[in-house]
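Here's the structure, in structure tokens; my notes come after.
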Protein chains: 2
Amino acid sequence: MSVENEQAEGQDLVELLRARGQRVTSQRLVILRELRRRELHATAEEILDAVRHDLPGTSIPTLYATLELLVELGLARKIDAGTGAALYDARTEPHQHMVCRDCGRIFDLDGEYRLESLVDAAKRLGFVADGAELVIHGRCADCAARIN
Amino acid sequence: MSVENEQAEGQDLVELLRARGQRVTSQRLVILRELRRRELHATAEEILDAVRHDLPGTSIPTLYATLELLVELGLARKIDAGTGAALYDARTEPHQHMVCRDCGRIFDLDGEYRLESLVDAAKRLGFVADGAELVIHGRCADCAARIN
DNA sequence: ATTGGTGCAAATCCTTTGCAATAGC
DNA sequence: GCTATTGCAAAGGATTTGCACCAAT
């Protein structure tokens, strides 16, 4: 089976879950499938609405737990754009985001750029950038020392 | 008066407010002064506690409104680190942030870096980075066209 | 005197928690 | 059968809103 079909079927998720001794549930499969069907990042609420088509009764806590799990497994990405609700995205390639101050829409900015040229790259796309925030996530020296 | 004293006294804020026909209130002056006194970014709650020392009775809505105003005036910066509460900072120089997954502390990363070398820069500071999110804020092509 | 700014209380929005019921292994 | 996962209801934290009062111009 090709990588694309494997992903479409969620076979990769099944394997990751088995490797960790976690259960394969229909909620997990459907949520990942829905996330992959989308071109664009979606809020938890948008995903929930779509998921309930296929799996009525899916609950909010399950959705959040599953999204967190998918992020942990590297199958999804969480984007905190500062617009209230967090966004989720199954795109794993390196890319950044642009948030419109007015309409709140989020646009992709593909590839790896020099930080100082990102505003220019955005401008080429017609986006009038007035600021950029980069947040690095990880473990500080103290916590890394304490845990490892 | 030197630029430093001007800032310490909030004279720059006074001028910006007058230029916009907005009122100079003690709340606005005290909140900016408190923000400038700090080395590190602070949450709204932390700022409120400190401000109430100088100006008891200061309210939460006023605090948020003032912080938003300061950001709009370019005197402060809002950092959405994805840790629940937003952070505010009176540092205007270009710098980025690192968030510890465990203790939640935020560390500064000064200067302008190449995006792909930021993880290395963080590593040099003992920070074990496992991801970076860059969010560009501004106006999308559609909104820019509609407004200008 | 005018009206922008403030404080209060309550509402809203997003997300997490506690717990009993259910479904994978 | 065992226990992780689920759904429900309710709680939680951060921020915003509506409105009457106050204070800067």
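Reminder, nothing fancy here: chain letters follow the sequence lines and each chain counts from 1.
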Is [X] close enough to [N] that one of its side-chain N or O atoms is under 4.0 Å from OP1 or OP2 there?
{"X": "A:Gln22", "N": "D:dA4", "result": "no"}
{"X": "B:Thr62", "N": "C:dG7", "result": "yes"}
{"X": "B:Thr25", "N": "D:dA23", "result": "no"}
{"X": "B:Tyr64", "N": "D:dT15", "result": "yes"}

Checklist entry - Starting at the 5' end of DNA chain D, which residue's closest nucleotide do you reach first, B:Glu45 or A:Leu55? => result A:Leu55
Next on the checklist: Is it true that, when you exclude A:Glu45 itself, more than 12 heavy atoms of the residues, nucleotides or ligands shown sit nearer than 6.0 Å to its CD?
Outcome noted: no
Checklist entry - How far apart are the closest heavy atoms of A:Arg52 and A:Ser59, and which atoms are they? => result NH2-CA, 4.2 Å
Checklist outcome for this item: Smallest heavy-atom separation, A:Arg38 atom then A:Glu46 atom, equals NH2-O, 3.6 Å
Item to check | D:dT5 base / A:Arg28 side chain donor-acceptor hit below 3.5 Å | outcome: no
Go through [options] for me and flag the one nearest to the [X] side chain.
{"X": "A:Ala44", "options": "D:dG7, D:dT15, C:dT15", "value": "C:dT15"}
{"X": "B:Ser59", "options": "D:dT16, D:dG7, C:dT6", "value": "C:dT6"}
{"X": "A:Arg23", "options": "C:dT6, C:dT15, D:dC2", "value": "D:dC2"}
{"X": "B:Thr58", "options": "C:dG7, C:dC14, D:dG7", "value": "C:dG7"}
{"X": "B:Ala85", "options": "C:dC14, D:dT15, D:dC2", "value": "D:dT15"}
{"X": "B:Gln27", "options": "C:dT6, D:dT5, D:dA14", "value": "C:dT6"}

Checklist outcome for this item: Paired with B:Leu35, the side chain to side chain contact (heavy atoms under 4.5 Å, CB included) test is passed by just one of B:Leu75, B:Leu67, B:Asp89, namely B:Leu67
Checklist entry - With sugar-phosphate meaning primed atoms plus P, OP1 and OP2, does B:Ala86 contact a base, only sugar-phosphate, or nothing at under 4.0 Å between heavy atoms? => result sugar-phosphate
Checklist entry - Contact class for B:Gly57 vs. all strands (heavy atom < 4.0 Å): base, sugar-phosphate, or nothing? => result sugar-phosphate
Checklist entry - Does any non-hydrogen side-chain atom of B:Asp12 lie less than 4.5 Å from one of B:Glu15? => result no
